[in-house]
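Reading through the C-alpha cells given below for one structure.
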Amino acid sequence: MTEQSIVSQDMTLKRLFQDFYRVPDYQREYVWGESDPKGDGGDQVNQFLADIHTEYEGATQHFAPEYFIGTIVVCAGQDQVFELIDGQQRTTTSYLTLCAIRDALQELGGNLPDDLSSQIAASSTDWQGVTTHRFRLEVQYDDAGGVLAEYAQGNAAQTVRDGSRSIRNLGGAYDTIREFLTTTFGTDRAALLRFYGYLTNKVKVIRIETPTITKALKIFETINDRGAGLDAMDLLKNLLFMNAKGHEFAELKSVWKSLTDEIYAVGEKPLRFLRYYLLATFDLDNRLREDAIYDWFQKNPGLTGHTTEPLAFAKRLQAAAKAYAHFAKGKNAAGSPEPGIENTRLLGGQSIKQHFMLLLAGRHLPAPLFSRLAAEIERIMFVWLITGTPGKDYERKLVDAAHRLRTVSPDNFDAFIEDVFVKERAELARSFFRALKELRANDLRQFRLRYLIAKITQYVDLQAYGSSDSRDRLMDYTSGGNDIEHILADNADADAQQEFGDRAQDQEVIQSLGNLLLIEKSINRSISNTRYSEKIKGYGQSKFLLTRCQADTQAQLVGVADQITRTVQALECWPNWTVKDVEARQLFLTRLACRVWDVPVVEEVVPA
C-alpha cells in the first residue's frame, strides 16, 4: 500500500481473523457488555447474535445468505498487527463469540475445527525470521488486555468478572454469548458446528485499511458523523485524537479516561455533562440538544480550541468533570460538603440536574460566595418545583444566569443574586403561597414531601438553637429514622375519629400539609393511630422543637429574650385538633415556608 492509498476489502470473518489486530489504548473501552449508564449492553450482544442466527436459519442445503455486520477501519502497524481504529465493538464481540463456540464445543466433546483455533490465536514470522505467537485480537486499554487473553486461552471459568468497566463488560458479553449458544443449540454439537461454519464463512465486514493513524481517524469521523452508531462524546474523543500530536496521545488518553471515569463513577451520563458544560461555558441557549453537540463542535473550533490545543481543551473538560462529579455527591467543586447542593439533591432526586450548569459557571467564586450561590439555587429550585414551573422554562433561566455568572466577581455578586434569585422569587410569591396553602401529600413525590417538612422542621431548630452537627445536615432530618406523621391518621381508630369530629375520614383533610409533621420513628410507633389528646404526649418527647410545640408552646419557653424563647413565641400551637385547626396550621406552615425559602408573603384576600 502506498503512502496515500486507502484499501477497502469485503471479507468474511474467516478472512478477517487471518490477520492480527490490537485496539489502541486511546480508543474507547468495550461497552457492549454493560447495561448502564451508557448503553444497551447485553441487549446489543444478544441482538448481534440473534440477527446473525435469523439469517443462518434462512440457509438451505445449497444456499446460505450472506450477512453484513458493518465496516471496520484499521491502520497497519510495524509488527504485522493492524491498529483497530473503528469497529472494535463488533470485532471484539465476534472474537468473543469464536472463543465461546470453542469452549462450548470442548464441553460437548470431540475435536475442534482447525480453522477455529487459528482464528483465535496463531504464530507469525517477521522478515527477520522471528516467530511470535499471539492472539488475533488484543486490547491495550487499562486492565482489560489480560482479561481478553484469558478468554482467548480458554480460561473463562477462572476469569474475573469484577474490576474495571472493561473487565465487567467483556465478562458480561462472554456470558451473554454462552447463554445464547446454550439456549439456541443446547447439546446439539452438529448444529453448533453448522452455526460456526455460517458465522465464519457468510458473515462479512468491509475492512478499510489506511496508511496513517490520522487518515484512519478521519475515516472514523466520516463513518460515524452525526452520531450514527456513536454519540457526541465518542466522536469528540476521536476529534481530539485526530488533532493531537503523536507524543500527546498517551497523556490525552489518560486525561480522557479520567474525565469519563469521574462521570461514570457517580452514575451520571457523559452526554448530559457535556451539554451542561457547553451551556455553562459558552453563550448557547438551552435549545442545544445532545444530538446536535458534535455538529456544534465542528462549527466552533475557534471557541473551544479543541483543534489547535486538543490536550489543553481536554484538561479543561477534565476539571469540569471532576467538579460535576462532586456536585453529584452534594459537594462543592473542591470536594467539600456543601449543604445547598446536598439539599437540592434531596429535593430534586436523580432526575433534576439542570442547576449543575449554574454550579459549573460559578466554580470560580470564593468558597463563601459559592456557598451562598448553592443556597440560593436550593431556594429557587424549590420555588420552581412547588409552583409547577415547566422544566424547559427554568432551564432557560438557569442557562441565562450561568452566562451572567461567568463574569461575576465578589464586587457584583450581591447584585447578581438580587437580579436572578430574589426578583424571581418575588414574582412567583403569590403562586408559591397559593400552592402551599392548598398542598396535599399526594401532590408531591414522597422524597420531595419529606424534604419540605424536614426543611421547615430544621429551620425552626436552627432558629432556636443555632448551628450544630446534629442540626446542620438536612439529611439527618430526612433520614429513615424519622417519619412523616399524619396527625389525624389515615386509619385513625374510632376514638380518634370521634374526637376529631366532622370529616374525620376525608382524605382532603388527612392528606393536607397542615395535618403532617416530622417525628422520630420510635415515637410514631408508640403513639400509633390513637386520638390527638393522647398523641400530643408523644409529640412532647420529640427532639424537634416544631413537633414539641404542636399542642403547647408554654412548656418550651426558657427566658424572656433568649433565642429559644423568641423562636417559640413565633410559633403557633393547637391544643385541640379539628378541621379548622388543620386549616389554621396549613396557613401557619405556608407563612413559615415563606421565611424558610425567602419568599415574600403575598396572601390572597378572600372577599367577605
Validation row: [X], [Y] side chains within 4.5 angstrom (heavy atoms):
{"X": "Phe432", "Y": "Thr590", "answer": "no"}
{"X": "Asp490", "Y": "Gln507", "answer": "yes"}
{"X": "Leu274", "Y": "Leu317", "answer": "yes"}
{"X": "Leu405", "Y": "Val420", "answer": "no"}
{"X": "Asp552", "Y": "Tyr539", "answer": "no"}
{"X": "Phe297", "Y": "Leu303", "answer": "no"}
{"X": "Ile484", "Y": "Gln446", "answer": "yes"}
{"X": "Arg450", "Y": "Tyr477", "answer": "no"}

Strictly below 4.0 Å, N to O, side chains only: are [X] and [Y] in salt-bridge contact?
{"X": "Lys535", "Y": "Glu485", "value": "yes"}
{"X": "Arg473", "Y": "Glu342", "value": "yes"}
{"X": "Glu376", "Y": "Arg425", "value": "yes"}
{"X": "Arg440", "Y": "Glu508", "value": "yes"}
{"X": "Arg275", "Y": "Glu395", "value": "yes"}
{"X": "Glu378", "Y": "Lys455", "value": "yes"}

Just how far is it from atom [atom1] of [X] to atom [atom2] of [Y], taken to the nearest 0.5 Å?
{"X": "Ile377", "Y": "Asn343", "atom1": "CD1", "atom2": "CG", "value": "12.0 Å"}
{"X": "Arg471", "Y": "Asp476", "atom1": "CZ", "atom2": "CG", "value": "11.0 Å"}
{"X": "Arg585", "Y": "Leu513", "atom1": "CZ", "atom2": "CG", "value": "7.5 Å"}
{"X": "Ile527", "Y": "Gln541", "atom1": "CD1", "atom2": "CD", "value": "9.0 Å"}
{"X": "Leu449", "Y": "Leu439", "atom1": "CG", "atom2": "CG", "value": "7.0 Å"}
{"X": "Met233", "Y": "Arg272", "atom1": "CE", "atom2": "CZ", "value": "13.0 Å"}

Centroid-centroid under 6.0 Å between Tyr324 and Phe356 rings: yes
Check: Trp574 ring centre within less than 6.0 Å of Tyr532 ring centre: no
Main-chain N/O of [Y] paired to [X] side chain as donor or acceptor, under 3.5 Å:
{"X": "Gln586", "Y": "Leu436", "result": "yes"}
{"X": "Asn524", "Y": "Asn482", "result": "no"}
{"X": "Glu520", "Y": "Gly481", "result": "no"}
{"X": "His403", "Y": "Phe282", "result": "yes"}
{"X": "Ser542", "Y": "Phe544", "result": "yes"}
{"X": "Asn46", "Y": "Asp43", "result": "no"}
{"X": "Ser526", "Y": "Ile523", "result": "yes"}
{"X": "Thr553", "Y": "Cys549", "result": "no"}
{"X": "Arg548", "Y": "Gly540", "result": "no"}
{"X": "Gln354", "Y": "Tyr394", "result": "no"}

For a quick check under 3.5 Å, do [X] and [Y] share a side-chain donor-acceptor pair by atom type?
{"X": "Ser258", "Y": "Gln318", "value": "yes"}
{"X": "Asp472", "Y": "Gln458", "value": "no"}
{"X": "Ser512", "Y": "Asn515", "value": "no"}
{"X": "Thr530", "Y": "Ser528", "value": "no"}
{"X": "Asp581", "Y": "Thr578", "value": "yes"}

Can you give me the closest heavy-atom contact between [X] and [Y], atom names plus distance?
{"X": "Tyr30", "Y": "Ala173", "answer": "OH-CB, 3.4 Å"}
{"X": "Ile564", "Y": "Ala464", "answer": "CG1-O, 3.3 Å"}
{"X": "Ile487", "Y": "Gln550", "answer": "CD1-NE2, 3.8 Å"}
{"X": "Phe327", "Y": "Leu360", "answer": "CE1-N, 3.7 Å"}
{"X": "Ala454", "Y": "Leu518", "answer": "CA-CD2, 4.1 Å"}
{"X": "Leu358", "Y": "Phe421", "answer": "CD2-CZ, 3.7 Å"}

Within the supplied structure, the quantity of interest is the number of heavy atoms (other residues, nucleotides, ligands) at a distance under 6.0 Å from [X] [atom1]; does it exceed 12?
{"X": "Gln498", "atom1": "CD", "result": "no"}
{"X": "Arg404", "atom1": "CZ", "result": "yes"}
{"X": "Lys397", "atom1": "NZ", "result": "yes"}
{"X": "Lys521", "atom1": "NZ", "result": "yes"}
{"X": "Arg525", "atom1": "CZ", "result": "no"}

Are Thr183 and Phe180 close enough, and set up right, to give a side chain to side chain contact (heavy atoms under 4.5 Å, CB included), and what steps lead you there? CA-CA 5 Å; Thr183 302; Phe180 177 88; 5.9 Å; no
Quick one, Thr304 with Trp296, criterion side chain to side chain contact (heavy atoms under 4.5 Å, CB included). Give me CA distance, side-chain angles, the key distance, then yes/no. CA-CA 10 Å; Thr304 63; Trp296 183 87; 3.6 Å; yes
Audit row: Ile352, Trp384, side chain to side chain contact (heavy atoms under 4.5 Å, CB included) steps and yes/no: CA-CA 12 Å; Ile352 295 179; Trp384 280 332; over 6 Å; no
Determine, step by step, whether Leu49 and Ile177 satisfy the side chain to side chain contact (heavy atoms under 4.5 Å, CB included) criterion, reporting the C-alpha distance in whole Å, the side-chain angles of both residues, the deciding distance to 0.1 Å, and the verdict. CA-CA 8 Å; Leu49 294 170; Ile177 296 166; 3.9 Å; yes
Can you spot which of Leu385, Leu474, Leu444 makes a side chain to side chain contact (heavy atoms under 4.5 Å, CB included) with Tyr451? Leu474
